[in-house]
Every structure is written in C-alpha cells, then in structure tokens.
Amino acid sequence: MAIVLEMKGITKQFPGVLANDRISFDVEEGEIHALVGENGSGKSTLMSILYGLYRADAGEIHVRGQRVQINEPRDAINLKIGMVFQHFMLVEPLTVAENIVLGSEIKRGPFLDYDRAVAEVERLSESYGLKIDPRAKIQDLSVGLQQRVEILKALYRGAEILILDEPTAVLTPQEVDDLMEVMHNLRAKGTSIIFITHKIREVLAISDRVTVLRRGKKVGTKATADTNPQDLAEMMVGREVLLQVEKDEAKPGEDVLEVRDLVVKDSRGAYKVNGVSLTVRRGEILGIAGVEGNGQTELVECLAGLIHPESGQVFLGGKDITDWPPLRIKQAGLGYVPEDRHRRGLVLDYSIADNLILGLHTEAPFRKRFGVQDFKAIRDNAGKLVEAFDIRPPYPHQPARKLSGGNQQKVVVAREFDRNPELLICAQPTRGVDIGAIEFIHQQVVAQRDRGAAVLLVSAELDEILSLSDRIAVMYNGKIVAVLPREEADEHKLGFLMLGGRLEDYKAGGGNNVAG
Amino acid sequence: MWDIIKLLVNTTVLAATLRMATPLLFTAVGGIFSERSGVVNIGLEGMMLIGAFTAVAVSYSTGSAWLGVLGALLAGALMGFIHGIASIKYRANQVVSGTAINIFAGGLTVYLQRLIFNMAGVSPAVPRIADVELPLISKIPLIGPVIGKQNPMVYLALLIVVGAHIVIFKTVWGLRLRSVGEHPGAADSVGINVYKTRYVAVTLSGALAGVGGAYLSVAHLSRFVEGMTAGRGFIALAAMIFGKWNPLGALGACLFFGYADALQMRLQEIGIPTQFVQMLPYILTMVALVGLIGRAVAPKASGEPYVKEG
Ligand SMILES: Nc1ncnc2c1ncn2[C@@H]1O[C@H](COP(=O)(O)OP(=O)(O)OP(=O)(O)O)[C@@H](O)[C@H]1O
Ligand SMILES: [Mg+2]
C-alpha cells in the first residue's frame, strides 16, 4: 500500500527534556496505525509537530511523497491532516456547529450561514454515526460528547490523515465500540488514522500496525498481528508489567461515608442524582459502575462539597457534612481525585510543587506563622512525591501545564493519596494514564484500602471496577439500581444493569441481554 | 407624587438621556470589540480624550466638524493600535498599558491645547455638527420630542450598536473574534490568526472611543475642555460589563447611565446642591455594578496574552 505520511528523524528539545529523539515513523493509506508509549514518551509532541503546533528542531515530513513544511495548523489542514486533541480545543460558550465550522466557515457574504452549518453537521453526524445536537453549547456537553465534536471537526475539514490523541481515554465502553466502528468506516473509505492509546486491548482490536515510543525514542514498529499484550506492555515500559491487580480479601470496618437520600439538580434544574443512598466502610473499595452521564459526576461533586444537594444528607465519620465548604470537608478527611483534572484537579499555571499542596496550603507544615508559606517544606514535599509517584520530568518548579496528560494525573493522585485520607474518592483515576502508571495507581488504591481508608471508586472502565472493587454499585439515571458483592458481578451483568436492565430480569450468560 | 414622576420622566429628560448615552455607546461598543478578542482596554478614557481633542483641532483648522470626527477616529485607532502592540506583541500587562494611555492622554491634550490654542482650560469655539430634525418622526407625539430632533451622531451611535451586534454574532469575523477571546489555542488550532484578530479588534476599539470623544467636543459642545471626558471611558467600561459584553446589553446600560446624567442636569435646575447631584451617575453606576457582581461572565481569555508554543 502507498505510504501517505513519512516523518524522518524528528527531534524536539524542550527545556530540560528531549521529547522526540530522531523519531522516524510512517503511515500507509487506509491504515490504522497505533502509537503507544508511556506518559511523557513524546506521542503528543510528535503529533503536534505533524499538525504544525510545534516546530521540530530537526527532521523532515513527507506527505503523499512530497516533502512539506508544516509551520502552522493551517498548513496541516491544507494537507488534509486533522487532529483530535487529548485536551480538547473547543470554545465552550459557542455551539457545536459553530465550533465545527470555526476557521473554515460556510459563508454567505461576510455572514456565517448558520443554518447550512447546522445541516452540514447533521449530515456528517448521520453518515459517521456520531450523534450530536448541532445547536447545543459545548459547555453543556459531557466530555464524551465534546470528544465527538472534535472528531466531527476534523472530518468536516476533509481530513485524510486523522490523528486521534487518546480519543478513548474519555469514552464509555459503549462509546469506545462506536468509535471503533467509526474508525473502521473511515479506514474503509481510505482515511489513514494515527491512533494514540494506552490500552493494549484497543491496539490489538483495531490497529494494523503499532509503533512504540519510550522516553522520546522509537522502540519499534510492528504489525499488530505479530504482537501480544505482554510483548507490547514490555516494549512500552521496558520491563515486565502486571496486567492484573493483586489484592487480598477486604476486611471492612465501620461506616465512614454514609449518603442518605441524596438529590442533586444541575444548573438547569434537571435531576441528576435522584435519591441515592449508600455507605462505604473502612477498608473496602466500593466501585460505582455506570455509563457516563448517569449522575456519577454530580454525586461525587456533591460529596466533595462542590455542588449543593437539593435534599438528603452526607455523613463522614459520623459527622453531618452536608453543605460544608470543600476545604472543610477535605480537612475532615476527604481525599478527592476529580474526573476532570484540568477543571478541578490542578491550577495549570502553578508549579508542580504548588499543585502538590493545593488544599493543604493552610495547614502545617506548609503554612508558617502569619500566613507565610514555608517554601522549604513545599519543596521537600514536592521532591518526595515526584519521586514516589514517578512524575516525569522530575522538575517540581515547572508549571503543571507542561506535563504530559498522564503525569498531570499523577500529580493529583500523589497529592490526594499522600495525605492518607479517611475517605478517598477516585473519579476516573487512571484516565489517560499509561499501563505502568495504572499498575502503580491501582496498587496505591489497594494500599489505601488496606491502610484503612474507605474508597469510593467511580470509573467508566469496567475492567477497573471489576479488578479493584470489593462491592459494586451500578448507577443508572441518577439512581443506584443495584449493589453487588464483587463475586456476584461480571462484565455482562454490569453491562446489562448499566443500560437500565433490572436485576430481577437478568439471566446469567443469556443471549438476550442488552449488553454483549 | 404625580409631579415627581413628571419631573423624573418627561420628554426633555429622555431626549437628554439619549444625548448623554451617545458618547458612552461608541466607547462601550469599542470596549466590547477589544474584550471579546481577549484584550482588556482600560485606556478607553484616554482614547476618548484624544479623540475629543483631535476632533476640535481638525474642525478648527478645516472648518468641518465631520472631518474632525474622522480625525478623532484615526487618532483613536492609532492609540488602540499602540495598546495592541504593548499588550499583544510585547505581552505587557494590559491594565498597566491602558492606564499609561490614560495618563498620557491627559497630559498630551493639555499640552497641545495650550500649544495650539494658546488658552488655558478651554479651546475657542469650533464648528460643530448641527442637530437635525427627522421629517415625519419628529411630529409623532411623545416619541417625536425624544428622538425626532437630535444630533446625527446620536443616530449614528444607535446604528453602530445594531451593526456591532450583527458583526459580533452573525458574521464569520465575529465568530472568530469570540473564539479568539475565549480560547485562543482552539482558534489557533483551526488556523485563525489570533494576533491579527486581536490587533484589528483593539484598533477598532480605539477608533470607536475616539469617535465617542469627538461627540463630546464637536457635537454636544463645540470646543475642547481639558479633561472633558470626566470618567466617561470608565463608565463605558462599566456599561460593557453591565451589558454582558453584548452591544444590545450595553445599549441598555448606556441609556441607564445616560438617564442618570440627564437627571442630574434636571435636578440641578430645580436647586438640589450640584455637588451632590453630580455624584448621582457614579453612585448609580456603583449600585448597578454591585448588584451585578458574579453574574457577568467575561470572555475567558480576556486580559491574557496568547503565547504560541514550540
Ligand atoms: N510545551 C512544553 N514545554 C516543555 N516540556 C514539554 C512541553 N510539552 C511537552 N513537554 C514534555 O515533553 C515530553 C513529552 O510529552 P508528550 O506530551 O509528548 O507525552 P505523551 O507521550 O503524549 O504523554 P501522555 O501519554 O501522558 O499524553 C514530556 O516529558 C513533557 O513533559
Ligand atoms: Mg499525550
């Protein structure tokens, strides 16, 4: 098959980090080429160079046999290269259609032909099976739907080489299947796709070839058919990886978190959490499974004090903490890994060191007398955590913005875990995190449990729920529809419940279940 | 009771409201363009002042007040462009740059006024733009006395508000403008030139503030008075926020502030102490702003320089 894209000897140096070190890489027409590697291995950087956001220090790019200069995104768009970013590039107060056509608008004189833009988006969304309301505002959409807008944005620009930077990290299992379907369709139509992911399962399921990067260097390119999970994992991490979590039987103690009849409305008055009651005990992990958008986000944000409930009560260690401000809840023993690290977890322009004390900044040892910060304590803390959680590159004074997505996540996890909370709430804790780090974070979650923390885990990854939880609650439409001991749960059953099935109606292994 | 209402709401006061709102309108719309692109323009006050002076100087030397307005537009645009260079290219703090422009404008106009006209405080009278009477409309009862006989620049200001609304919300350029002010990185990633868009917007904002100043000196009055903008640039900024960065919203806010101004003139006529009455527009401004805190959402990237990476 014809080579549509060739990158040769691409090198990119950031201050203190050689992000890409003479990387060569090619893509064939109509191929899905997986690009994998640990957090910070240089995948996004390489793709940003291809898309004209960064300029390489050395190396060449050839597109359809021609040597090209890509100095800015406009050049890439003209070469029919499209990119879906790991961190979305969407203008929140604008509508879906406006975002999709932005920069390549459908015009009527100087005016935006909004109706035609909407129609065009509808047509695209129909033909690729990416359902979306073109008139909705981005700020009102879930992360999964925003992702969809990003894909449509690239397709609208006629992308023939499509870069997907960790598209599945934010999708529900169902949405991942849909995306795979879309990718299949695109490949059939001759589109070449560069697919970045941390999930080996996805690499094996869909790609034709796979290229592995590690610490800025290319480890190799293989035909997917010639690899296996263990082999890929080792290529990525450079050592053997445990793909399964090891943990002992839980020894649950007294209730730490108790939620009674919680009702939460969103800003538009819709009921998001509709009478949820649950308890999490010391020394156990309660997993909440559910398709994203069924109230998990609001439930967790309400527990963290970020939004106020309509009614109901929340008890932490026996104290009624309903309506307490977030900082006070944290001080009462909450550790919280939010699902959206950019919006809730980090101040991107603060240094890594400062991010590592957010929420602790008012307490000893970081605060001295008269409200002065103890910089030495902050530095020491950062040094300790950067090492313990393997945050790379290990420069605590750098702004968090400069870290790769997975390393940003590690900063949040390090901060929240290190305080040894009574209650640990983890929402999507391994989103966008590489397999080595997932292994590590999972071990840490289990260690927190064994230390005696009550852990509430919310994840869209069934694998994660199944491998970590001691009990599993399924959330659907704002309600907890079932709570199962781990032994009684499997992927099929959870899938069935997550889509609104009733426990009574479930037939184990039956072929007529909604989820398959 | 009825007398009080008649005193507060009558065609004279409402006509004056429109007149007092006009300079605010030009300037507030200018501010909207700038902030929608992500550049905070505190320098509006100074740009107005320079516009007011330029209009008088040009009107004085050419005999045409309209050429004076054109001169004010260009002078304001130049100031806007300078603010753009400082805040876009050199990423200076935008509040500092704007404040510098205000101080600079105060000094420069006083200096030039004395240099050119050789008089302290005020310039000689210059040709001004005469009021016009709209043929049919001025005959309609109630409405006629309010909008039927006004300065052409009053009508121009209303047209600009509607025009700006269309430009910002209906045109392709407006869409790009808003994207640049909200998420410059996203705009950049789809090939929009963030810097150019910001330069155009901030220059336009200066031009409009200049015209707003010209209204004061060659339409409302017919001379330049030192410091004659008297904080109207800031009131326009308040109107912009009050109007949630929408031209039509700003129109409502400007009319409100214009009304406070008009009322102040009226109350002075009936003998309420001037010093107290003169505070009225500003007190109302503060009350309005306090009542609004938290509800106004500025363009997200407003005030933040954009740095292209890599
Ligand atoms: N703008 C920047 N300035 C400085 N360093 C940067 C910048 N962008 C990335 N880096 C560094 O370059 C390296 C490669 O980062 P990159 O984002 O390409 O990793 P990645 O493979 O995409 O990781 P992840 O899987 O976590 O997204 C990292 O060490 C990162 O910290
Ligand atoms: Mg990345």
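All values below were derived from every heavy atom in this structure, side-chain atoms included, with hydrogens, water molecules and symmetry-related copies excluded. Throughout, protein chains are lettered first and strands after them, A, B, ... in sequence-line order, and every chain is numbered starting at 1.
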Between A/A56, A/G82, A/P73, the one whose heavy-atom pairs under 4.5 Å with chain B are most numerous: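 Option with the greatest count: A/P73.
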Per-residue contact mode, A/S48 against chain B (heavy atom under 4.5 angstrom):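 Neither part; nothing is under 4.5 Å.
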Crowding at OH, B/Y195 (>12 non-hydrogen neighbours, <6.0 Å):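 Yes, because the 6.0 Å sphere around OH of B/Y195 holds more than 12 heavy atoms from other groups.
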Trace of the side chain to side chain contact (heavy atoms under 4.5 Å, CB included) decision for A/M89 with B/D188: CA-CA 9 Å; A/M89 291 287 190; B/D188 194 13; over 6 Å; no
Exercise: identify the closest heavy-atom pair between A/V91 and B/A186: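 So the minimum-distance heavy-atom pair works out to CG2-CB, 4.2 Å.
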Spacing of B/S189 atom OG and A/L90 atom CG [to the nearest 0.5 Å]: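 So the gap between those two atoms works out to 8.5 Å.
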Within residues 166-184 of chain B, residues adjacent to chain A where the heavy-atom gap is under 4.5 Å: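 Within residues 166-184 of chain B, near chain A: B/I166, B/K170, B/T171, B/V172, B/L175, B/R176, B/R178, B/S179, B/E182, B/H183.
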Residues of residues 69-100 of chain B with any heavy atom under 4.5 Å of a heavy atom in chain A: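 If one takes a 4.5 Å heavy-atom cut-off, no residue of residues 69-100 of chain B lies near chain A.
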N/O donor-acceptor pair under 3.5 Å between A/R74 side chain and B/I192 backbone: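 Flag not set: sc A/R74 to bb B/I192 has no pair under 3.5 Å.
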Set of side-chain contact (heavy atoms from CB on, under 4.5 Å) partners for A/A136, sequence neighbours left out: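 In terms of side-chain contact (heavy atoms from CB on, under 4.5 Å), with neighbours along the sequence ignored, A/A136 is linked to A/V96, A/D133, A/L141.
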Residue-level contacts of residues 105-118 of chain A with chain B, using a heavy-atom cutoff under 4.5 Å: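 Expected list: A/E105, A/K107, A/P110, A/F111, A/L112.
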